[in-house]
Amino acid sequence: MTNIALLGAGGKMGVRLSKNLKQSPFTVSHVEISDEGRRRLREEVGVETVDQNTALAGADAVILAVPDRLIGKISHAIVDHLKPGAAVIVLDAAAPYAGEMPERADITYFCTHPCHPALFDFTPDVDAQKDFFGGISGPQGIVCALIQGPEEHYLLCEEIARTIYAPVTRAYRCSLESIAILEPALSETVGATLALALRDATDRAVSMGVPADAARDFMLGHLKIELGIAFEAFPEGKFSDGALHAIRQARPLIFRDDWLDRIFSLAAVKQSVRDICNPQ
């Protein structure tokens, strides 16, 4: 039986994890400092919280379900309370990649993050289709990195990761640096920014007189085809000559020539995670 201390258990992410851990063979001690979080745990999960020091004393693994900006501070506060061989699991690469974690050679550091249910993982399950985040009904992949610690700890930590993000279809073992490239660089710096740019463009079309529902249907429908072609989920599809011409004309207007080098340089990734952990 593995004892898990879940810190930040009553937060938005913590409650998601608590619900999945409740169905697992793990013994979980829920730690939450806010009254609102404790109430949420009682009402939504049906569990009570315990004192942090009590939870840490017997913990084989500690999950930090807390904001990136607090991970360094909290990990320094708890590190001396952990028994040798304990695993500290963080849910994002930012803090460890930014060098925010305390040094202690006899504990394990592990990072895991959900891929979220994939756009082209089709399923007839309506509940799974509506699970955008994952961890409820929508199958998803996860990424995992053993930052430090013995190799045998990887399988235990991956098992915990598969539990908190269930249902999990694929688990990819990566380096910590690879996960930092995936987020924030790929998924947020590029993906989220372009997603909002697509919304801005749709709103501009509406402001020019296009009916809002028509603009939304037109954009989302074309994105399904265009993303399917770009990511080879629609292998028989191809861009028309007119679309290819529009792409050639648009790229220099929308993107700088060196945009990929500027975003994906490791120096830029490192600076991005430092800014996330230490916001102004």
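Each residue takes its place number in the sequence, starting with 1.
Surrounding CZ of F231 are at most 12 heavy atoms belonging to other residues, nucleotides or ligands under 6.0 Å away. Heavy atoms of other residues, nucleotides or ligands lying less than 6.0 angstrom from CG of D258 number more than 12. For L198, the CG atom is densely surrounded, since the number of other residues' heavy atoms within 6.0 Å is greater than 12. Counting non-hydrogen atoms of other residues, nucleotides and ligands closer than 6.0 Å to CZ of R251 gives a total of 12 or fewer. Heavy-atom neighbours of D200 CG from other residues, nucleotides or ligands within 6.0 Å: above the threshold of 12. The number of heavy-atom neighbours closer than 6.0 Å to CG of D51, taken from other residues, nucleotides and ligands shown, is above 12. Open room surrounds CZ on F218; 12 or fewer heavy atoms of other groups in view lie less than 6.0 Å from it. With a 6.0 Å radius and a threshold of 12 heavy atoms from other residues, nucleotides or ligands, H245 has its NE2 atom at or below the threshold.
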Run the numbers on E48 and R42 for side-chain contact (heavy atoms from CB on, under 4.5 Å), then give the verdict. CA-CA 6 Å; E48 297 290 341; R42 284 193 298 269; 2.9 Å; yes

Take L82 and R104, measure what side-chain contact (heavy atoms from CB on, under 4.5 Å) needs, and give me the verdict at the end. CA-CA 10 Å; L82 302 178; R104 183 174 161 183; 3.8 Å; yes

Please report the C-alpha distance between T2 and E159 in whole Å, then the side-chain angles of each, then the deciding distance to 0.1 Å, and finally whether the side-chain contact (heavy atoms from CB on, under 4.5 Å) criterion is met. CA-CA 11 Å; T2 299; E159 182 184 358; over 6 Å; no

Please step through side-chain contact (heavy atoms from CB on, under 4.5 Å) for the pair T108 and L156, ending with a clear verdict. CA-CA 11 Å; T108 291; L156 170 62; over 6 Å; no

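Criterion: ILVMFWY side-chain heavy atoms under 4.5 Å apart, direct or through other members. Under it, I147 and I142 are not part of a common hydrophobic cluster. Hydrophobic clustering (ILVMFWY, side-chain heavy atoms < 4.5 Å, transitive): L91 and V79 are in distinct clusters. No chain of hydrophobic side-chain contacts below 4.5 Å, direct or via other Ile, Leu, Val, Met, Phe, Trp or Tyr residues, connects M13 to V45. Note on Y109: it clusters hydrophobically with V90, by side-chain heavy-atom contacts below 4.5 Å among ILVMFWY residues. Clustering ILVMFWY residues whenever any of their side-chain heavy atoms sit less than 4.5 angstrom apart, transitively, puts F122 in a cluster other than the one holding I225.
Taking NE2 from H116 and OH from Y165, the interatomic distance works out to 8.5 Å, rounded to the nearest 0.5 Å. Of the inter-residue distances, the one linking C174 atom SG with I181 atom CD1 reads 10.0 Å to the nearest 0.5 angstrom. I33 contributes atom CD1, which lies 8.5 Å from atom CD of Q52 (distance to the nearest 0.5 angstrom). Separating the SG atom in C277 from the NZ atom in K73 is a distance of 14.0 Å, to the nearest 0.5 Å. For the atom pair CD1 (I254) and CD (Q249), the distance works out to 11.5 Å, reported to the nearest 0.5 Å. Rounding to the nearest 0.5 Å gives a distance of 8.5 Å between NE2 of H76 and CD of E103.
Residues E151 and L146 have side chains in contact (heavy-atom distance under 4.5 Å, counting atoms from C-beta outward). In this structure, I136 and R16 have side chains that are in contact, with non-hydrogen atoms separated by less than 4.5 Å. Between H153 and F110 the shortest side-chain heavy-atom distance does not fall below 4.5 Å. Counting heavy atoms from C-beta on, the side chains of D213 and D217 never come closer than 4.5 Å. Taking the side chain as every heavy atom from C-beta outward, I276 and D92 never approach each other to under 4.5 Å. You'll find the side chain of L56 reaches within 4.5 Å of the side chain of L7, heavy atoms only. Side-chain atoms of F239 and E226, non-hydrogen and from C-beta on, do get closer than 4.5 Å to each other.
Looking at E100 and N278, their side chains do bring a donor and an acceptor atom within 3.5 Å of each other.
Side-chain N or O atoms of K238 include none that pairs as donor or acceptor with a backbone N or O of I229 at under 3.5 Å. Formation of a donor-acceptor pair under 3.5 Å by the T202 side chain with backbone atoms of A215 is not found in this model. In this structure, the side chain of S75 engages the main chain of G72 through a donor-acceptor pair within 3.5 Å. Although no hydrogens or angles enter the test, the distance criterion places no donor-acceptor pair under 3.5 Å between the side chain of D106 and the main chain of P84. With hydrogens and angles disregarded, a donor-acceptor distance shorter than 3.5 Å links the side chain of T112 to the backbone of V143. Remark: side-chain polar atoms of N20 are paired, donor with acceptor, to backbone N or O of G135 under 3.5 angstrom. Although no hydrogens or angles enter the test, the distance criterion places a donor-acceptor pair under 3.5 Å between the side chain of S207 and the main chain of R204.
The minimum heavy-atom distance linking C144 with A161 is given by the pair SG-CB, 4.2 Å. Across every non-hydrogen atom of K224 and F120, the tightest pair is O-CZ, 3.9 Å. The heavy-atom pair separating V66 from G8 by the smallest distance is CG1-CA, 4.1 Å. Here the shortest heavy-atom pairing between A128 and T123 reads CB-CG2, 3.9 Å. Closest approach of I179 and A93 over heavy atoms only: CG2-CB, 3.7 Å. Nearest heavy-atom pair, A57 versus K83, reported as atom, atom and distance to 0.1 Å: O-CD, 4.4 Å.
The side chain to side chain contact (heavy atoms under 4.5 Å, CB included) check on S265 picks up A267, A268, with sequence neighbours excluded. In this view, S34 and E32, E36 satisfy the side chain to side chain contact (heavy atoms under 4.5 Å, CB included) rule, not counting sequence neighbours.
With respect to S24, the side chain to side chain contact (heavy atoms under 4.5 Å, CB included) criterion is satisfied by exactly one of T163, I164, I160: T163.
Looking at D35 and R38, a side-chain N of the basic residue comes within less than 4.0 Å of a carboxylate O on the acidic one, giving a salt bridge. Taking 4.0 Å as the cut-off between side-chain N and carboxylate O, D203 and R199 count as a salt-bridged pair.
Ring pair W259/F255 is parallel by interplanar angle, where below 30° counts as parallel and above 60° as perpendicular.
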